[in-house]
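To start, the structure itself, in structure tokens.
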Amino acid sequence: MDGEKMTYVYTMQAFASAPDEGNAAGVVLQEAPGDPAPSVVCGSGLREEAMQRLAAELNYSETAFVQSVGSNTVRIRYFTPLREIEMCGHATVASFALLLERGILAPGRWILETQEASYRVLAEPDRIWIDFGMPQPGEVLTEEQTAELCRAYGLTPEDLADADRLPVQKVTAGIPDIHMIVRNQETLLRAEQDAEAVCEISRRLQAVGVHMSCIAELQEGKISCSNFAPLYGIAEECATGTSNAGLTALLYSRGFLAADTPVRILQGEHMHRLGHLWSRAESQADGIHVMIGGQAVCTGSFRKKEE
């Protein structure tokens with residue numbers, strides 16, 4: 001019937017400027033067909049079990065389900081193919097870029113509400129910025145844990161960069177990840193994951209996965225990285241906002257990155273598919289905030305049948 005809200009699934013490439021770049025995400029929302037300027041999204045219209053089934057069916061690393069859009073607030077839930085997750089950077093960028101494109105929200109400052117926390121988002125016509133606050137580095141892995149993690153990637157502790165100043169460490173930026181910084185690009189590309197071992201380590205350390213990076217070109221404003229989360233059904237993905245927010249916080253806290261220094265992050269060379277992210281530790285009135293930015297491209301959509 002005319003004006004009836006319908007559930008649509010949009011396929012997006014996030015942290016990308018073209019369809020053959022970036023990280024795929026599903027974005028699910030309801031809107032009134034033919035409305036030139038819809039102002040409210042009324043939830044995905046799906047039960048939690050149906051959201052999980054749809055995320056598994058799409059088989060993207062994450063699918064975002066837009067729950068509502070208010071005057072200054074957007075509510076989103078995120079699901080991997082296996083389970084719900086608290087936050088996802090690339091699916092957030094995809095969601096806000098789509099909502100801008102559809103005219104459901106206007107450029108400007110918004111509040112993102114997830115199941116666990118709230119974030120500030122700056123929606124610009126050509127880039128979405130997520131404000132992660134200042135994530136605090138957490139538990140440093142022991143020598144034994146570090147050696148075990150290295151073995152899970154066919155590496156040794158000697159392949160790590162500056163172990164004294166950059167130990168393997170957990171950081172939570174929306175979700176908890178284990179960060180390991182390797183010597184150089186060759187080491188990054190040589191890493192080969194033992195998924196079963198990484199699942200066990202992630203489960204034991206209560207982390208979503210492992211973010212491996214190379215900062216050899218940081219002085220030129222560039223970082224290369226790979227991200228692995230087999231415990232959540234994600235062997236590897238080519239653009240992850242939360243993990244790179246954690247990395248930015250770690251580098252700032254350890255004195256490797258100055259405030260207000262822009263950094264370009266390239267992720268996914270290991271997968272032969274690059275994601276392009278921007279990062280900075282921004283000086284704000286209440287202190288340093290980690291900002292992660294990127295673009296997204298819509299590649300298709302379909303109507304979801306009612307369940």
Shortest non-hydrogen contact from [X] to [Y]?
| X | Y | value |
| --- | --- | --- |
| Q169 | P137 | NE2-CB, 3.3 Å |
| D260 | P262 | O-CD, 3.5 Å |
| S118 | I111 | CB-CG2, 4.3 Å |
| G133 | P135 | O-CD, 3.4 Å |

Take Q185 and R190, measure what side-chain hydrogen bond (donor to acceptor under 3.5 Å, both in side chains) needs, and give me the verdict at the end. CA-CA 8 Å; Q185 188 80 356; R190 178 162 48 88; over 6 Å; no

Drop me the distance from [X]'s [atom1] to [Y]'s [atom2], to the nearest 0.5 angstrom.
| X | Y | atom1 | atom2 | result |
| --- | --- | --- | --- | --- |
| E62 | R77 | CD | CZ | 15.0 Å |
| L99 | L29 | CG | CG | 6.0 Å |
| T92 | I128 | OG1 | CD1 | 10.0 Å |
| R151 | I201 | CZ | CD1 | 8.0 Å |
| Y60 | T80 | OH | OG1 | 15.0 Å |
| C238 | E269 | SG | CD | 12.5 Å |

Assess the residue pair E200 and R204 against the criterion (salt bridge (charged side-chain N to carboxylate O under 4.0 Å, His left out)); give the C-alpha distance rounded to whole Å, side-chain angles, the decisive distance to 0.1 Å, and a yes or no. CA-CA 6 Å; E200 173 55 32; R204 193 187 324 135; 3.7 Å; yes

Min side-chain heavy-atom separation [X]-[Y] under 4.5 Å:
| X | Y | answer |
| --- | --- | --- |
| L100 | L105 | yes |
| F132 | T248 | no |
| S213 | L188 | no |
| I265 | C225 | yes |
| M212 | L155 | yes |
| F256 | D162 | yes |
| C150 | L160 | yes |
| L58 | V9 | yes |

Can you tell me which residue pairs pass the salt bridge (Lys or Arg N to Asp or Glu O under 4.0 Å) test with a partner in residues 275-285, sequence neighbours excluded? R280-E282

Do [X] and [Y] sit in one hydrophobic cluster, given that two such residues count as connected whenever their side-chain heavy atoms are within less than 4.5 Å of each other, even indirectly?
| X | Y | result |
| --- | --- | --- |
| L205 | V168 | yes |
| V121 | W129 | no |
| I76 | L122 | no |
| V210 | I175 | no |
| M180 | I215 | no |

Exam field: side chain [X] to backbone [Y], donor-acceptor pair closer than 3.5 Å:
| X | Y | value |
| --- | --- | --- |
| Q145 | T142 | yes |
| H211 | L247 | no |
| E21 | S17 | yes |
| S253 | L250 | yes |
| K170 | A207 | no |
| T172 | G174 | no |

Test log, rule side-chain contact (heavy atoms from CB on, under 4.5 Å), inputs V27 and T63: CA-CA 6 Å; V27 179; T63 295; over 6 Å; no

Verify whether one side chain among [X] and [Y] offers a donor that lies under 3.5 Å from an acceptor in the other.
| X | Y | value |
| --- | --- | --- |
| Q13 | R273 | yes |
| E116 | T114 | no |
| E113 | Q67 | no |
| N244 | S279 | no |

For [X], look at atom [atom1] and say whether over 12 heavy atoms of other residues, nucleotides or ligands are found less than 6.0 Å away.
| X | atom1 | value |
| --- | --- | --- |
| E143 | CD | no |
| Q219 | CD | no |
| R109 | CZ | no |

Run the salt bridge (charged side-chain N to carboxylate O under 4.0 Å, His left out) test on E124 and R127 for me, step by step, so that the C-alpha distance in whole Å, both residues' side-chain angles and the decisive distance to 0.1 Å come before the verdict. CA-CA 5 Å; E124 298 178 336; R127 194 168 297 173; 5.9 Å; no

Looking only at the aromatic ring of each residue, does the gap between the centers of F302 and Y10 stay below 6.0 angstrom? no

Does H276 form a side-chain contact (heavy atoms from CB on, under 4.5 Å) with R264? I'd like the steps, not just the answer. CA-CA 7 Å; H276 303 265; R264 185 183 180 199; 3.0 Å; yes

Under the criterion side-chain hydrogen bond (donor to acceptor under 3.5 Å, both in side chains), I'd like the reasoning laid out for S243 against N227: C-alpha separation, chi angles, the key distance, then a yes or no. CA-CA 8 Å; S243 302; N227 187 270; 2.9 Å; yes

In residues 229-237, what donor-acceptor pairs under 3.5 Å come from side-chain atoms, sequence neighbours left out?
from: E236; atom 1: OE1; to: H270; atom 2: ND1; distance (Å): 3.1
from: E237; atom 1: OE1; to: N23; atom 2: ND2; distance (Å): 2.8
from: E237; atom 1: OE1; to: S61; atom 2: OG; distance (Å): 2.7

Could you walk me through whether Y252 and I288 pass side-chain contact (heavy atoms from CB on, under 4.5 Å), step by step? CA-CA 9 Å; Y252 175 80; I288 296 293; 3.3 Å; yes

Should the ring pair F79 and F65 be called parallel, tilted or perpendicular, given that the plane angle runs from 0 to 90° and is split at 30 and 60? perpendicular

Which atom pairs, one a donor and one an acceptor, fall under 3.5 Å between side chains of residues 289-301 and the rest of the protein, sequence neighbours left out?
from: H289; atom 1: ND1; to: R120; atom 2: NH2; distance (Å): 3.1
from: H289; atom 1: ND1; to: D131; atom 2: OD1; distance (Å): 2.9
from: H289; atom 1: ND1; to: D131; atom 2: OD2; distance (Å): 3.0
from: H289; atom 1: NE2; to: D286; atom 2: OD1; distance (Å): 2.8
from: H289; atom 1: NE2; to: D286; atom 2: OD2; distance (Å): 3.3
from: Q295; atom 1: NE2; to: D126; atom 2: O; distance (Å): 3.4
from: T299; atom 1: OG1; to: T11; atom 2: O; distance (Å): 3.1
from: T299; atom 1: OG1; to: T11; atom 2: OG1; distance (Å): 3.0

For R102 and Y8, run side-chain contact (heavy atoms from CB on, under 4.5 Å): C-alpha distance rounded to whole Å, both residues' side-chain angles, the deciding distance at 0.1 Å, then the answer. CA-CA 12 Å; R102 299 292 301 134; Y8 286 91; over 6 Å; no

Q267 pairs by side-chain contact (heavy atoms from CB on, under 4.5 Å) with which of T240, L274, I223? T240

